[in-house]
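All chains are named by letter (A, B, ...) in the order of the sequence lines, taking the proteins before the strands, and each is independently numbered beginning at 1.
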Amino acid sequence: MLAWTIYISFIGVLVLMLLPKGNAALARGVALLFALAGLGLGIGGFVQYKSAIAAPGSDKILTITNADWISALGIHYHLAADGISITLVLLTGLAAVAGILFSWNIENRTKEFFAFYLALIGGVYGVFLSFDLFLLFVFYEIAIVPKYFIIAIWGSTRREYGAMKLALYSFIGSAMVLVGLIAAHVVSGAHSFEVGELAKYSYSLNFQMWAFPLVFIGFAILAGMWPFHTWAPTGHVAAPTAASMLLAGVVMKLGAYGCLRVAMTLFPDGLAHWRTCFAVLAVVGIIYGATVALVQKDFKFVIGYSSVSHMGFVLLGLMTLNVIGLSGAVLQMFSHGVIAGLLFAVVGRMVYDRTHTRDLDDLQTMRLSKAIPFAAVTFVIASMASMGLPGFSGFAAEFQVIIGAWSAFPTLTILTGIGILIGVAYTLRVMQKAFFGDADPKPDEIHEPFAPITAPERIGAVLLVGVSILIGLWPRLLLDIIVPSFDSPLFDWLRRGK
Amino acid sequence: MSFLELFQLAVPETIIVVTALLILIVDVVSMRDLDLRFRFIISGMIACVGCVGAIAWILISHTHENAFAGMLVIDPLTQFVKIGILALTAFTVLLSMDGDFTDHVGEYLALILLATVGMMFLVSAEDLLMIFIALELTSLSLYILTAFNKRDIKSAEASLKYFLFGGMSAAFTLFGLSLVYGSSGSTNLPEIATALAGKGLDPLLIVAIVMIVIGFGFKVAAVPFHLWAPDAYQGAPTPSAAFIASGSKVASFFIFAKVMAMAFADREIAGSGAWHGYVAGWVPVVAIVAALSMLLGNFVAIVQTSVRRLIAYSAIAHGGYMLLAVLAHTQQSLSALIYYALTYGLTTIGAFGVVAMVERGTGGEKLTDFAGLSRRTPLVSFCMLIFMLSLAGIPPLAGFFGKFYVFSAAVNSDPSDLGLLWLVILAVATSAVSLYYYLQVLKQIYVTNPATATGPIKPSVLTQVVLALLAALVVFFGCFPGFLIHGL
């Protein structure tokens, strides 16, 4: 059933391409239908997985298909899911639906926009559900091209530059992964690309010492690890709203997922040697992202850098190598995906599409809390969630990461606390400047009242806020599938290390 | 072996020769005064029927034969490559039917078919003399094909450069081949291998191998023998350029790999290009050539404003990747090479078809002439999307799997040592760079709006069908490469 999330997205692309040009409403409706179908299938898969792991003796992995594909190289069309995959599939479904709702006002080349969008979603679903590393790589690269076109055609500031930078960074990252993948396949002598098979072979330490950082950094580029994060702020700002939501919300998680599923699973000994280095880089990312966000003049850049900062938590959690930290990292992937989506939706759709400016000083004069109160309320709630206030998903996730990190890297954990404080600072600053500023407007800047918040925007905002509160109050909903995943044979290395 | 038996082995080639002569006769005798497009269609159809007939004959005749000690070798692999070459020829002919660059339709198509005959004999040859004869037949036909647009001086210039360069390289090749004969006492490839085994690298053999690498390097447009390629691709009429880039590349790479792997397989002659395990031989030489091709091809393509020159420099880069498979000289790498070359041929013919269509529609083939193409011809633009992404190596297209297979085979040639990994890393890195300039073309097509308001372009139904078919094949062979590899 879960495999249909992928197929339905690509079928949606075909259907959209065949629709008549110029009928934007039809294109939107069709796209929304397919995205909702994907989300529904994701929820179905969630239920299916929960019942599967309840059975005694289950290896905590739900195999979906496993067919011979290219037998000359031992490549199989192997789709499977564990709790981590399903969490991220759910996130993708939510981000897809919300993104389409927040793109309801696109009139220029609408059906092409949604065609590229669904192609991106399909590729992302594929990455999360592939257990054959060749197949994972295929879907990973499929996701690169639609990103380029969405940003280059429908984006705003420096869109062609931002799109090309993002595409090239992603492609270079995947090139690094390709080298590591081929080397691992050849050295192991396994006639297979299945992640479990490749992980069983114990690679020499010399090999792992260079293969692990190669593959990890290749994926971490997409996850926005400092100092390879520079594509992220440029790309997010250049992208149209739905793409920013998807980029920060889901695509950056592709990188983190790849780090966990591929780099850490295949090369645990290399991981043991490199983990302190990457944990330090993660914390640098948290503090650097937050500090740079503090001084930005452009509203969207603040959110872009905050994404880099929040992804630092994910990477720190991955480096803790204990179940609490790792499950916190996965939960943070989900939580930040929802919250980042919400933040970009407010900045892009609710504010920029109406005010046509993202400069914080200009926004100060517009009294947005009175002009578009729904946007202000949504942003305040999103800010609470982003700062890590209890009751929202961000708190549950970051709390787990910090507890996990404390046992592994106490000093770094204290520095992370400083990062959280700076996070509060930039969030409150941007909230005050954008919505609650009360500077007087210059005489020539008086404008007509803004368009009211439309129904799709309201639905999207309620959806995302609702999910964040749901997971914030009941994180067990997701943790009940994430934590058992670490009992699967794929994480034997985790238990061996004890 | 009697002449009749030999003739039975060479039926496909004979079919093509007869078709070529038939087209010449039909065109010269009866069609000189008719409309150009009508002549192209009739002659083109005859050519396609001939190609299909030859493919059909190859498919139904299963033979393993070796005529006259390597002059004509029939085995499943060579037959498969021949089918591939015939298919590429058929596609080239189909795409040339829209052309208006020449009045000499019969001569043009006959030359294409004669070049195909040369390629077919080339892949069947395991004898040095036969290799040279077939190489010359192909090359001479291609020189003339490049010059066919008599109304454009660039065509004549391109052909002259190609011919002078090619003639010189043929001289190098022949001298090298004769030195090999001198060293080994035979012109048959397996016999050469046994004669040279254990003798090691003596100076005469070194000179011979270097000359052969020069000769073949010219044919596949490898650095530093690539200087003819950008001008030839830019000046030649589009179908000729497509033909040079596709069929000729397949045949040249196949025979290059065969000669090096069969005649010079001995460890002492081959040497090793491993990172820390350098051993003198032809492998490190070809490794340097491959590395230079990848670097130069990709980096110079970045600054091109003409799409044809961009494709030419990218062809040099792709030649570098394919040379990776040549220097790995294992069974798997040969299979990877053929897969890559055939799918690359299909993609390039498609790309040139789109370029030809844009030239007819807008009068030029600069990047700016492609602006806004997706709004003017959605279907053809989508096909170009597939071709460009396949060349860049984006899955699930054939170009991606070709690169993956070649890189895997190169690393796999030395599993214990991963010696060629440095070259694979270079290949992957330059491949990442290549995405930039392929996206530049796609940016013009999809993102940029044309400078002046322009209406839709309506390519002929034939062009649309052929391009769609080529794009479908690229996607199909990318998603299910087993179908092609199975034949290898």
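Only the side chain of Leu73(A) comes within contact range of chain B, with at least one heavy atom under 4.5 Å from a heavy atom of that chain. Using a 4.5 Å cut-off between heavy atoms, Phe134(A) contacts chain B through its side chain alone, with no backbone atom that close. Heavy-atom distances place the side chain of Val145(A), and not its backbone, under 4.5 Å from chain B. Heavy-atom distances place both the backbone and the side chain of Ile425(B) under 4.5 Å from chain A. When heavy atoms are compared at a cutoff of 4.5 Å, Leu397(B) does not approach chain A at all. Heavy atoms closer than 4.5 Å to chain A are found in both the backbone and the side chain of Phe407(B). For Leu439(B), the parts lying near chain A are the backbone and the side chain together; criterion is any non-hydrogen pair under 4.5 Å. The parts of Ala167(A) that come within reach of chain B are both its backbone and its side chain, each placing non-hydrogen atoms under 4.5 angstrom from that chain. Using a 4.5 Å cut-off between heavy atoms, Ala427(B) makes no contact with chain A at all. Contacts between Ile172(A) and chain B at a heavy-atom distance below 4.5 Å involve backbone atoms as well as side-chain atoms.
When all heavy atoms are compared, the tightest approach of Ala175(A) to Val428(B) is CB-CG1, 3.1 Å.
Counting heavy-atom pairs closer than 4.5 Å to chain A, the top-ranked of the candidates Phe401(B), Phe480(B), Phe382(B) is Phe401(B). For the options Gly482(B), Ala409(B), Cys479(B), heavy-atom pairs under 4.5 Å to chain A are most numerous at Cys479(B). Here Val138(A) is the residue among Leu168(A), Val179(A), Val138(A), Ile75(A) with the most heavy-atom pairs under 4.5 Å with chain B. Of all the listed residues (Leu385(B), Val411(B), Ile485(B), Val424(B)), the one sharing the greatest number of non-hydrogen pairs under 4.5 Å with chain A is Val411(B).
Between the CG atom of Leu435(B) and the CD1 atom of Ile144(A) there is a distance of 7.0 Å, given to the nearest 0.5 Å.
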**Item:** Residues Ile70(A), Phe404(B); criterion side-chain contact (heavy atoms from CB on, under 4.5 Å); working and verdict
**Value:** CA-CA 12 Å; Ile70(A) 307 171; Phe404(B) 186 84; over 6 Å; no
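Residues Val433(B) and Phe171(A) have side chains not in contact (no heavy-atom distance under 4.5 Å, counting atoms from C-beta outward).
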Produce the donor-acceptor pair table for chain A versus chain B, cut-off under 3.5 Å.
residue: Trp69(A); atom: NE1; partner: Cys479(B); partner atom: O; Å: 2.5
residue: Arg109(A); atom: NH1; partner: Tyr446(B); partner atom: O; Å: 2.9
residue: Arg109(A); atom: NH2; partner: Tyr446(B); partner atom: O; Å: 2.8
residue: Glu160(A); atom: OE1; partner: Lys443(B); partner atom: NZ; Å: 2.9

